[in-house]
Amino acid sequence: MSLEELRKQIKEELGIDDINSGVFAGEWIKEPKGKKIRINSPIDGKYIATALGGSREDYERVVHQMEEAYKLWVNYTPPQRGELIRLIGNELRANKKKLGKIVSLETGKTVVEGEGEIQEMIDIADFAVGLSRQLYGYTMASERYQHRMYEQYHPLGVIGVITSFNFPSSVWSWNSFIAAVVGDVVIWKPSSKAPLTAISVMKIITETIKKHGYPQIFSLIVGGGGEIGDLLTNDARVKLISFTGSVESGRRVSEAVSRRFGKVILELGGNNAAIVTAKADLNIALKGVTFGALATSGQRCTTTRRLIVEDKIYDQFVSRLIATYEKVKIGNPLEEGVLVGPLIDEEAVKNFERALEDAKKQGGKILFGGERLKIDGYETGFYVKPAIVEMPSITPITCQETFAPILYVFKFHTLEEAIRIHNSVPQGLSSAIFTTDLREEEMFLSAMGSDCGLANVNTATAGAEIGGAFGGEKDTGGGRESGSDAWKNYCRRQTVTINWGNDIPLAQGVRFEVK
Ligand code: UN1
């Protein structure tokens, strides 16, 4: 299928017009007054459609509608809320292929990755449905006679979710489906680089909500230039901000939200490494590193950016890796067999080039790739040849996250040295070790091992499942979202003490008797 046909198909199948409202506040606001955002596909650089962002007034409408929706939603029981998420999950299942196409066209993801994006939403919907019947709290034994203590989790109310272009809808759903079953209502500010995916997803979800007669608990406000983001982060009516993006922006968000004692969930930069030891199954290591470094063209926060290889197998492993990179098909991500599509925009290509220049200045040697590519028929696209760069040591550029396919390679002699290199960057999202040796693996997983939020053994740094809590340490921001007990982050926690006796004994044996 040609890209022109795809553009037409998307417009028909998903109801995307040439000009689209990017504000949903219980209903689509006809002509929002904020920024006009023209979206071109990174695949061929050509125009897809325009999204109209929201103004300050539009933002007020959104918050007002959310507060009204919350008054209704708080009265639903969690399993009733779960039922709505089940219906939404079914609708996403039915529309997976169509939505996958807009993800690919707008972000340049391959077809399987575009559909994978929607699958991740379906998975978290299923998780949230189950969770809606498992919102447990502890019961404690009280020191006071005939007293009972327990804890319960109440919703926060209105929350905000700010997402990035690279996972333009799934990260929103990790937050929002979980938040919805605990009783929150959600304002979504998508990336201004990928608003059309957000609009398409919201069309399907809000229609489902309407059809089944539930309150409109999800709202949308597209923004550009930081205005809407600033309004959200400074607004005390918005109890929690979940933010995915750069360390720099995350710091600003965190400061603004903390100043007003709001809650934050930060999912900031990653600078993830894979350690490959001489005891590794090298076939598995090769596959894991290739996927980790190249999936989504190196634009995941979980991308493998650093490879740390034991000296004994260094030459052998690195040359096999180069041979594998040589075979990777780069180009139009909608074509069969292509694994690496374009970067998101010109700025991303520039960052790629700049990082490689810096790496060279800092003693790096480019072993493979690193140049901009012209793909026949897609001259305006943002294609690059993924780079493998040998580094003598950790240098400033290898401490930075460049959102592009650059893999810095380091050599190690002892596992302690590998772990030291591994942990010597500011970020702490994901990590991996490839080994079949129990002692090496356990050392990596011990408190002296990986300092990241995600630790993988014989599998890639990228490609986490929704069932675990997702997030990282250090400059990654410390947030956790998605599975496990991350739901607690979307709640306010209340410790309850009930006295059912005929007296009022005090804790700590305190006596307070008025004589
Ligand atoms: C991100 O890049 O922000 O683990 C999220 C992964 C995906 C999610 C990445 N499931 O690579």
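Start at 1 and go down the list; that is how both ligands and their atoms are numbered. Predicted, not measured: the structure shown is a model, and the values here were computed from it.
In this structure, ligand 1 sits under 4.0 Å from heavy atoms belonging to Glu120, Asn166, Phe167, Trp174, Glu267, Arg300, Cys301, Thr302, Ala462, Gly463, Ala464, Phe470.
Listed by first and then second residue, the side chain to side chain donor-acceptor pair (under 3.5 Å) pairs that reach into residues 326-337 are Asn332-Tyr378, sequence neighbours excluded.
Contact detail for Ala432 and Ala460: the closest heavy-atom pair is CB-C, 4.5 Å.
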Problem - side chain to side chain contact (heavy atoms under 4.5 Å, CB included) between Ile344 and Phe403, worked out - result: CA-CA 9 Å; Ile344 189 70; Phe403 236 45; over 6 Å; no
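Atom CD of Glu465 sits in a sparse spot, with 12 or fewer heavy atoms from other residues, nucleotides or ligands closer than 6.0 Å.
For the pair Lys203 and Phe24, the cation-pi test (distance below 6.0 Å, angle within 45°) is failed.
For the residue pair Asp358 and Gln362, no side-chain donor N or O sits within less than 3.5 Å of a side-chain acceptor on the partner.
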